[in-house]
J.: 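Right, I'll just put the structure down here and ask away after.
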Amino acid sequence: MTRMTTAEPELKIEPGKLPSWPQYDDTERTALSRALDQGQWWRVGGQEVELFEQEFARYQGAPYALAVNSGTAALELALRINGIGPGDEVIVPAFTFISTSLAVQNVGATPVPADVDPGNYCLTPEAVRAALTGRTRAMIPVHMAGHVADLPGLSRIAAERGLILIQDAAHAQGAVRDGALIGAHPTVACYSFQNGKLMTAGEGGALTFPDEKSYEQAYLMHTCGRPRGDVRYNHTTGGSNHRITEFTGAVLRAQLARLAAQTVIRERRAGLLDELLSGVPGLSVQGRDPEMAVNPHYMYLLTLDEAFGREGRDRMVTDLMAAGIPACVNFPPVYRTPGFGHGPRPTTSEAELAERCAVSERVGAHGLWVHHRVLLAEPEVIEEVAEVISTLVGRLPAAGA
């Protein structure tokens, strides 16, 4: 007799239950029309970019903000205004999007990958100390998925060694740790408004500054070294064209206006999802330090047990996507990307870097993330999402099985 088998039930979040991204409405339409009707579409002749910078600085708790055309450009500009270049080393997290190390290479300096915390996945003071050399000039902690790194601990090292600290806050608009917005920290912070970010105009970026001098220097360098009001091509410094258009500025103003309310919802839904997934065997979620007051949750990070292997992680992402839940594999450690070898890099071998960066190796190979738009869904939908995730984890075979 032929043995009958029961097919596993299909898992699916019904279309329309999860919010779309980007989100927009007549606020953006009105903003675009307002920019159009100015008759001047670049920042020199309009007011949308200037107003966005003022509003964004206030939102981040910073004295000054400068809008640029990408988060990568923001990082490069932050390095350039601090004189970072060839011969210098900059410590970066091994677990981050490639722009963090790429910006360092683009200015001719050498990125030195260091490991991240096993709970929150942010650069740690201990890893920074282990990576220090006589050529270290700066460090770039990344506020991974909205969780702010240990800025007090990292700042102590920076003060001891005379290092520049630049925040990669691409994921962290509106984040609060140790009672303060990240823009209130006395360092430059860099943000991204790429299409998937917490607020977006398709592309874009920004920097916040603790003082007028660094802001003015960055302003010059982001507009080819040309001072405000110049009509004689008096380029007073080097630089490039990192300006954004008035249309981009107008859309970002609209996006910023709704971000605080979205962050409240994401915080609540992330807490609910943490609770629902807390007992799932073989699965862990990104931790949260007690000092974190507000995490805007750019990504919801999950890490599978190593017993499932890399193939289990890849299958999990495929199955989540098939179930209607937007998901992606984690960033690989930066030194494992081919692009890392196309610019200045440390003499340390890839194998040695991997040994030093065990956490980054694990979360890069066995981790994945769910898009933040899921965290804007209703609580009952979050419960469905949790059920799908836990069921799919339970279906995963051990590596090699």
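The basis for the numbers below is simple: all heavy atoms, side chains too, and nothing from hydrogens, waters or symmetry mates.
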J.: How far does CD of Gln262 sit from CG of Leu198, to the nearest 0.5 angstrom?
T.: 8.0 Å

J.: Minimum heavy-atom separation for Cys122 and Met144, please, with both atom names.
T.: SG-N, 3.7 Å

J.: Start with the C-alpha distance between Gln60 and Gln173, add both sets of side-chain angles, then the distance that settles side chain to side chain donor-acceptor pair (under 3.5 Å), and finish with yes or no.
T.: CA-CA 7 Å; Gln60 292 298 142; Gln173 294 91 332; over 6 Å; no

J.: Give a yes or no on whether a salt bridge exists between Arg129 and Glu160, defined as a side-chain N under 4.0 angstrom from a carboxylate O.
T.: yes

J.: Classify the angle between the aromatic ring planes of Trp21 and His371 as parallel (below 30°), tilted (30 to 60°) or perpendicular (above 60°).
T.: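 Ring orientation of Trp21 relative to His371: tilted.
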
J.: Could you check Val142 against Leu123 for side-chain contact (heavy atoms from CB on, under 4.5 Å), going step by step and ending with a plain yes or no?
T.: CA-CA 7 Å; Val142 174; Leu123 186 67; over 6 Å; no

J.: Is it the case that atom CD in Glu355 sees more than 12 heavy atoms from other parts of the structure closer than 6.0 Å?
T.: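 Counting other residues, nucleotides and ligands, CD of Glu355 stays at 12 neighbours or fewer.
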
J.: Would the distance check show the side chain of Thr96 and the main-chain N or O of Pro93 forming a donor-acceptor pair, the cut-off being under 3.5 Å?
T.: no

J.: Assess whether atom NZ of Lys213 is packed by more than 12 heavy atoms of other residues, nucleotides or ligands within 6.0 Å.
T.: no

J.: Using 30° and 60° as the class limits, which term best fits the ring planes of Tyr298 and His372: parallel, tilted or perpendicular?
T.: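 Correct class here is tilted.
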
J.: With a 3.5 Å distance limit and no angle check, can you tell me whether Asp88 reaches the backbone of Gly85 through a side-chain donor-acceptor pair?
T.: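 Judged by distance alone, yes, a pair lies under 3.5 Å.
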
J.: Considering only NZ, NE, NH1 and NH2 on the basic side and carboxylate oxygens on the acidic side, decide whether Arg313 and Glu306 come within less than 4.0 Å.
T.: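 Salt bridge between Arg313 and Glu306, a charged N being under 4.0 Å from a carboxylate O: no.
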
J.: More than 12 heavy atoms of other residues, nucleotides or ligands under 6.0 Å from CD of Glu380: is that the case?
T.: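 Count over threshold, so yes.
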
J.: Please tabulate, one pair per line, all N/O donor-acceptor pairs under 3.5 Å involving side-chain atoms of residues 318-329, not counting sequence neighbours.
T.:
residue: Thr318; atom: OG1; partner: Asp314; partner atom: O; Å: 3.1
residue: Asp319; atom: OD2; partner: Arg315; partner atom: NE; Å: 3.4

J.: Return the minimal non-hydrogen interatomic distance between Leu165 and Thr187, and the atom names on each side.
T.: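 Between these two residues, the closest heavy atoms are O-CB, 3.3 Å.
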
J.: Hey, mind stepping through Glu387 and Glu383 against side-chain contact (heavy atoms from CB on, under 4.5 Å) and telling me if it holds?
T.: CA-CA 6 Å; Glu387 180 63 27; Glu383 293 177 1; over 6 Å; no

J.: Which heavy atom of Pro141 sits nearest a heavy atom of Leu151, and at what distance?
T.: CG-CD2, 4.3 Å

J.: So, does Gln286 use its side chain to make a donor-acceptor pair with the main chain of Tyr121 at under 3.5 Å?
T.: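 Answer holds: no.
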
J.: Whether Arg43 and Glu246 form a salt bridge (side-chain N of Lys/Arg under 4.0 Å from carboxylate O of Asp/Glu) is what I want to check.
T.: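 Not counted as a salt bridge, because no side-chain N and carboxylate O are separated by less than 4.0 Å.
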
J.: Applying side-chain contact (heavy atoms from CB on, under 4.5 Å) to Asp168 and Ile166, what does each step give before you reach the verdict?
T.: CA-CA 7 Å; Asp168 184 335; Ile166 297 168; over 6 Å; no

J.: Between atom OG1 of Thr208 and atom CG of Leu181, what is the distance when rounded to the nearest 0.5 Å?
T.: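 Rounded to the nearest 0.5 Å, the OG1-CG separation comes out at 10.0 Å.
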
J.: I'd like to know whether Ser155 forms a side chain to side chain donor-acceptor pair (under 3.5 Å) with His185, so could you lay out the CA-CA distance, the side-chain angles of the two residues, the decisive distance to 0.1 Å, and finally the verdict.
T.: CA-CA 10 Å; Ser155 295; His185 193 268; 3.1 Å; yes

J.: How many angstroms lie between atom CD1 of Ile84 and atom CG of Leu75, to the nearest 0.5 angstrom?
T.: 12.5 Å

J.: Please give me the minimum heavy-atom distance between Gln167 and Ile182, naming the atom from each residue.
T.: NE2-O, 3.2 Å

J.: Minimum heavy-atom separation for Ala172 and His143, please, with both atom names.
T.: CB-CB, 3.8 Å

J.: Counting only heavy atoms not in Arg135, do more than 12 sit closer than 6.0 Å to its CZ atom?
T.: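 Count over threshold, so yes.
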
J.: Would a distance-only check, ignoring hydrogens and angles, find a side-chain to backbone donor-acceptor pair under 3.5 Å from Asp117 to Asn120?
T.: yes

J.: Where do Thr30 and Ser33 land on the side chain to side chain donor-acceptor pair (under 3.5 Å) test, with the steps shown first?
T.: CA-CA 5 Å; Thr30 300; Ser33 294; over 6 Å; no

J.: For the side chain of Asn330 and the backbone of Pro332, is there at least one donor-acceptor N/O pair under 3.5 Å apart?
T.: no

J.: Decide yes or no on salt bridge (charged side-chain N to carboxylate O under 4.0 Å, His left out) for Glu361 and Arg336, but give the supporting numbers first.
T.: CA-CA 9 Å; Glu361 287 284 317; Arg336 291 207 180 272; 2.9 Å; yes

J.: Indicate yes or no: does Arg288 engage Glu267 in a salt bridge with an N to O separation below 4.0 Å.
T.: yes

J.: ring-ring contact (aromatic ring centres under 6.0 Å, His included) between Phe52 and Phe193: does it pass, once the steps are laid out?
T.: CA-CA 13 Å; Phe52 167 68; Phe193 308 129; 5.7 Å; yes

J.: Supply the atom-to-atom distance Trp42 CH2 to Thr245 OG1, rounded to the nearest 0.5 angstrom.
T.: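 Spacing of CH2 (Trp42) from OG1 (Thr245) equals 12.5 Å.
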
J.: Evaluate the ring planes of Tyr191 and Phe56, with Trp represented by its six-membered ring, and classify them as parallel (under 30°), tilted (30 to 60°) or perpendicular (over 60°).
T.: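 Judged by the thresholds at 30° and 60°, the geometry between Tyr191 and Phe56 is perpendicular.
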
J.: Would you mind reporting whether Cys224 and His235 have side-chain heavy atoms less than 4.5 Å apart?
T.: yes

J.: Are Tyr219 and Phe209 an aromatic pair by the rule of ring centers under 6.0 Å?
T.: no

J.: Is there a donor-acceptor pair closer than 3.5 Å between any side-chain N or O of Glu53 and the backbone N or O of Ala67?
T.: yes

J.: To the nearest 0.5 angstrom, please state how far the CD atom of Gln217 sits from the OG1 atom of Thr236.
T.: 10.0 Å

J.: Heavy atoms only: give me the nearest Arg177-Asp289 pair and the separation to one decimal.
T.: NH1-OD2, 3.1 Å

J.: May I ask you to decide if Asp115's main-chain N or O and Arg356's side chain share a donor-acceptor pair within less than 3.5 Å?
T.: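 It does not hold such a pair.
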
J.: Are the side chain of Asn234 and the backbone N or O of Asp230 linked by a donor-acceptor pair below 3.5 Å?
T.: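 Not at all, since once roles are kept as given, no pair shorter than 3.5 Å links the two residues.
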
J.: Working to the nearest 0.5 angstrom, can you tell me the gap between Leu376 CG and Gln23 CD?
T.: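 Taking CG in Leu376 and CD in Gln23, the distance rounds to 5.5 Å.
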
J.: Is there a side-chain contact (heavy atoms from CB on, under 4.5 Å) between Val280 and Leu277 once you walk through the steps?
T.: CA-CA 5 Å; Val280 177; Leu277 296 177; 4.1 Å; yes

J.: Report the residue from Ser360, Pro333, Pro113 that forms a side chain to side chain contact (heavy atoms under 4.5 Å, CB included) with Leu353.
T.: Pro113

J.: Can you tell whether the side chains of Glu378 and Lys17 come within less than 4.0 Å, N to carboxylate O?
T.: no

J.: For the side chain of Gln38 and the backbone of Gln47, is there at least one donor-acceptor N/O pair under 3.5 Å apart?
T.: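 Between the backbone of Gln47 and the side chain of Gln38 there is a qualifying donor-acceptor contact (under 3.5 Å).
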
J.: Does Thr100 reach the side chain of Thr72, with side-chain heavy atoms less than 4.5 Å apart?
T.: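 In short, these two side chains do not touch, never coming nearer than 4.5 Å.
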
J.: Could you go through Glu89 and Thr133, starting from their C-alpha distance and side-chain angles, then the distance that decides it, and tell me whether this counts as side chain to side chain donor-acceptor pair (under 3.5 Å)?
T.: CA-CA 8 Å; Glu89 291 182 351; Thr133 74; 2.6 Å; yes

J.: Kindly say whether Ser349 contributes a backbone atom to a donor-acceptor pair with the side chain of Glu352 at under 3.5 angstrom?
T.: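 Answer holds: yes.
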
J.: Is the centre of the His297 ring less than 6.0 Å from the centre of the Tyr300 ring?
T.: no

